[in-house]
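Accompanying notes for the structure given below.
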Amino acid sequence: MAKYYHITTYGCQMNVHESEKIAGMLSELGYEACGKIEDCDIAVFNTCCIRENAENHAFGNIGMLKKLKAAKRDMIIAVGGCLTQQMGKAENLHEKFPYVDVIFGTHNLNNFKELILKKQKSKKSVIEIKDSEGEIYEGEKPFRTSYPNAWINITYGCNNFCSYCIVPYVRGRERSRRSENIIAEAKELIANGYKEITLLGQNVNSYANGTEDLSFPELLKSIAAIDGKFRLRFMTSHPKDFSEELAQVIAENPKICNAVHLPAQSGSDTILKAMNRKYTSAEYKAKTELLRRYVPDCAITTDLIVGFPGESEQDFKDTLNLVETVGFTSAFTFVYSKREGTVAAKMPNQVPEDVSKARIMELIKLVNSKTREQSAQYVGKTVEVLCEGFDDKKQMYLGRDEHGRMVYFPNGKNVVGEFLNVKISSANGISLMGDITDG
Ligand code: 5AD
Ligand code: SF4
């Protein structure tokens with residue numbers, strides 16, 4: 001009889017790809033994917049703890065499984081990811097939800113299958129949270145779910161210790177995969193028909209730093225040199241490590257998308273210093289100017305935090321000013337979330353919630369108006385779109401242009417995985433709508 005798994009993923013792209021790896025391991029154990037958690041034999045929660053709401057969301061959903069587990073005693077519930085890796089959280093989770101069968105950390109992906117097999121033989125919960133051993137995952141067979149797009153990890157962990165961020169504590173120090181393994185994975189994906197590859201790391205720019213291996217720009221160049229029509233993207237770039245060489249490589253290689261995610265976090269020098277970001281607002285702007293000198297049409301997207309401890313009205317105005325002057329294609333905006341164990345959690349002058357709320361509303365309004373201004377300029381233009389899927393609600397195909405804008409268009413036959421020229425007829429926020437002009 002078929003056995004089924006269901007995975008709930010929280011947080012970033014890194015986690016989405018990690019869930020694909022977990023899915024690959026569950027396939028090896030004989031499980032098949034299923035859409036509804038009620039129908040599965042094993043439910044996995046791949047959690048995130050970067051902000052408190054991501055954590056609460058996961059806790060809430062795990063809590064809701066109590067009834068289902070009581071009715072389906074053989075069902076296995078496994079919880080892993082960043083949340084469980086935090087000091088004391090696994091014990092906390094076990095106490096609160098004793099019906100969770102397997103609790104594993106971010107450094108346990110290599111032995112995830114063993115943990116499941118161990119649980120199948122035991123009545124007790126299996127809890128294993130390893131410390132980082134500098135592990136690098138190789139040779140997994142991710143069950144990819146996002147054709148024609150595919151993700152490849154190039155680094156794990158982070159060394160930056162931005163004062164608000166919990167990632168270095170739950171993902172360990174930065175380590176890089178060997179370039180030959182990354183290039184081989186990219187070659188295989190392209191040979192198998194994938195059309196867009198995104199290289200993933202907390203800070204891709206410091207890839208293989210201090211080693212004999214290729215630098216990040218060299219790695220990009222080597223992947224872009226693989227035969228075939230495909231797009232290459234990467235995420236995330238720390239502004240302090242964004243180099244002229246990288247801007248040049250983007251400019252010279254048409255397969256590398258003219259789109260860079262460059263988190264600024266704040267426009268205030270005082271706050272950037274307190275965040276331990278290691279650049280000033282002027283230096284950040286200079287990096288965007290350098291990038292645009294080489295790649296004039298480059299889409300720059302960013303992450304911004306409001307309400308960091310000590311953020312004054314003027315500091316916040318400096319962030320608004322950054323948004324006014326840089327011309328971001330879009331921005332992810334966050335209210336600062338206090339994370340226990342980080343340096344910022346101990347800082348005085350935490351900003352009151354109502355002040356942060358008012359600031360984020362104002363910031364979102366400005367970011368959206370800038371995005372709309374840019375989108376409006378696309379009307380009447382033709383862009384190349386890689387079709388990614390079909391939107392049931394809109395009854396239209398959808399895909400992205402090189403700059404990462406979502407484009408919707410009608411079509412009679414399935415064109416997922418094809419590059420198409422689409423003439424834009426209207427814009428709505430960051431998404432565009434149009435009609436195919438070829439084929
Ligand atoms: N509070 C709010 N936002 C955060 N981020 C990381 N840590 C926090 C935090 N404690 C944001 C940063 C980062 C993005 C992935 O999440 O903007 O770039
Ligand atoms: Fe967190 Fe900073 Fe590392 Fe990004 S670079 S993961 S924000 S510590």
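Below, all heavy atoms of this structure are taken into account, side chains as well, without hydrogens, waters or symmetry copies.
Annotation: side chain to side chain contact (heavy atoms under 4.5 Å, CB included) contacts of Ser312 (sequence neighbours excluded): Gln314, Asp315. For Glu38, the side chain to side chain contact (heavy atoms under 4.5 Å, CB included) partners are Lys36, Leu68, not counting sequence neighbours. Applying the side chain to side chain contact (heavy atoms under 4.5 Å, CB included) rule to Ser375 yields the partners Thr371, Arg405, Ala427, Leu432; only residues at least two apart in sequence or on another chain are considered. Listed by chain and residue number, Glu138, Tyr156, Arg175, Arg177 satisfy the side chain to side chain contact (heavy atoms under 4.5 Å, CB included) test with Ile136 (two or more places apart in sequence, or in another chain). Qualifying side-chain hydrogen bond (donor to acceptor under 3.5 Å, both in side chains) partners for His261, counting only residues two or more places apart in sequence or in other chains: Thr301, Asp303.
Using a cutoff of 4.0 Å between basic side-chain nitrogens and carboxylate oxygens, Arg400 and Glu388 are scored as salt-bridged. Between Lys113 and Glu140 there is no salt bridge, since no side-chain N of the basic residue sits under 4.0 Å from a carboxylate O of the acidic one.
A donor and an acceptor atom, one from each side chain of Ser237 and Asn205, are located under 3.5 Å apart. Side-chain contact, Glu20 with His17: a donor N or O sits under 3.5 Å from an acceptor N or O. Of the N and O atoms on the side chains of Lys130 and Asn110, not one donor lies less than 3.5 Å from an acceptor on the other residue. Of the N and O atoms on the side chains of Glu244 and Tyr294, at least one donor lies less than 3.5 Å from an acceptor on the other residue. Between the side chains of Ser206 and Glu174, at least one donor N or O sits under 3.5 Å from an acceptor N or O. Asn61 and Tyr10 are linked by a side-chain donor-acceptor pair at a separation below 3.5 angstrom, with hydrogens and angles left out of the test.
Distance alone, capped at 3.5 Å, is enough to place a donor-acceptor pair between the Arg144 side chain and the Trp151 backbone. Without hydrogens or angle criteria, Ser125 side chain to Val100 main chain gives a donor-acceptor distance under 3.5 Å. Under a 3.5 Å cut-off, the side chain of Ser176 and the backbone N or O of Ala208 do form a donor-acceptor pair. Checked by atom type and distance alone, the side chain of Asn258 never pairs as donor or acceptor with a backbone atom of His403 at under 3.5 Å. Under a 3.5 Å cut-off, the side chain of Asn253 and the backbone N or O of Val249 do form a donor-acceptor pair. Formation of a donor-acceptor pair under 3.5 Å by the Thr302 side chain with backbone atoms of Ala264 is found in this model. Within the 3.5 Å criterion, the main-chain N or O of Thr9 finds no donor-acceptor partner in the side chain of Asn15. Distance alone, capped at 3.5 Å, is enough to place a donor-acceptor pair between the Asp391 side chain and the Lys394 backbone. With Ser266 contributing its side chain and Ile271 its backbone, the two residues share no donor-acceptor pair below 3.5 Å. At distances below 3.5 Å, not a single donor-acceptor pair connects side-chain atoms of Asn160 with backbone N or O atoms of Cys162.
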- Task: Check the pair Met25, Leu109 against side chain to side chain contact (heavy atoms under 4.5 Å, CB included), reporting the backbone distance first and the verdict last.
- Result: CA-CA 10 Å; Met25 292 185 237; Leu109 211 57; 3.9 Å; yes
- Can you list the steps and then say if Thr342 with Tyr169 is a side chain to side chain contact (heavy atoms under 4.5 Å, CB included)? CA-CA 8 Å; Thr342 62; Tyr169 303 91; 4.1 Å; yes
- Query: Going through the distances and angles, do Phe216 and Ser243 end up as a side chain to side chain contact (heavy atoms under 4.5 Å, CB included)?
  - Reply: CA-CA 10 Å; Phe216 181 58; Ser243 65; over 6 Å; no
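Residue pairs meeting the salt bridge (Lys or Arg N to Asp or Glu O under 4.0 Å) criterion with at least one member in residues 5-18, sequence neighbours excluded: Glu18-Arg171. Residue pairs meeting the salt bridge (Lys or Arg N to Asp or Glu O under 4.0 Å) criterion with at least one member in residues 273-282, sequence neighbours excluded, do not occur. Here ring pair (Phe, Tyr, Trp, His ring centres under 6.0 Å) pairs that include residues 343-387, with residues two or more places apart or in two chains, number zero. Counting only residues at least two apart or in different chains, salt bridge (Lys or Arg N to Asp or Glu O under 4.0 Å) contacts with residues 283-299 are absent. Counting only residues at least two apart or in different chains, salt bridge (Lys or Arg N to Asp or Glu O under 4.0 Å) contacts with residues 245-260 are absent.
More than 12 non-hydrogen atoms from other residues, nucleotides or ligands lie less than 6.0 angstrom from CG of Asn56. No more than 12 heavy-atom neighbours from other residues, nucleotides or ligands sit within 6.0 angstrom of CE on Met87. For Lys370, the NZ atom is densely surrounded, since the number of other residues' heavy atoms within 6.0 Å is greater than 12. Around OH of Tyr99, the count of heavy atoms belonging to other residues, nucleotides or ligands within 6.0 Å exceeds 12. When the shell of 6.0 Å around CD of Glu180 is examined, it contains more than 12 heavy atoms from other residues, nucleotides or ligands. Counted within 6.0 Å of CG on Asn428, heavy atoms from surrounding residues, nucleotides or ligands total 12 or fewer; the atom is thus considered open.
Between Gln85 and Ile129, the closest side-chain pair of non-hydrogen atoms falls below 4.5 Å. Contact annotation: the side chain of Val167 approaches that of Ile50 to within less than 4.5 Å [non-hydrogen atoms, C-beta and beyond].
Residues Pro168 and Cys165 come closest through the heavy atom pair CD-O, 3.7 Å. For the pair Gly417 and Lys195, the tightest heavy-atom approach, listed with the atom from each and the gap, is O-NZ, 3.2 Å. Residues Asn46 and Ser19 approach most closely at ND2-OG, 3.0 Å, considering heavy atoms. Closest non-hydrogen pair, Val102 versus Lys119, comes out as CG2-CB, 3.7 Å. Considering every non-hydrogen atom in both Ser222 and Ile183, the closest pair reads CB-CD1, 3.7 Å. Taking each heavy atom of Pro309 and Met347 in turn, the nearest pair found is CB-CB, 3.8 Å.
Taking the ring axis of Phe59 as reference, the NZ or CZ atom of Lys96 stays within 45° of it and closer than 6.0 Å to the ring centre.
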Quick one: side chains of residues 325-336, donor-acceptor pairs under 3.5 Å with protein atoms, not counting sequence neighbours, listed by atom name and distance.
unit_1: Thr325; atom_1: OG1; unit_2: Asn321; atom_2: O; d: 3.0
unit_1: Thr325; atom_1: OG1; unit_2: Leu322; atom_2: O; d: 3.2
unit_1: Thr329; atom_1: OG1; unit_2: Gln374; atom_2: OE1; d: 3.2

Quiz: residues 353-366 side-chain donor-acceptor pairs under 3.5 angstrom, not counting sequence neighbours:
unit_1: Arg359; atom_1: NH1; unit_2: Glu311; atom_2: O; d: 2.9
unit_1: Arg359; atom_1: NH1; unit_2: Glu311; atom_2: OE1; d: 2.9
unit_1: Arg359; atom_1: NH2; unit_2: Glu313; atom_2: OE1; d: 3.1

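Aromatic ring pairs are classed by plane angle as parallel below 30°, tilted from 30° to 60° and perpendicular above 60°; the pair Tyr279 and Tyr284 is tilted. Ring planes of Phe409 and Tyr397: parallel class, angle under 30° (limits at 30 and 60°).
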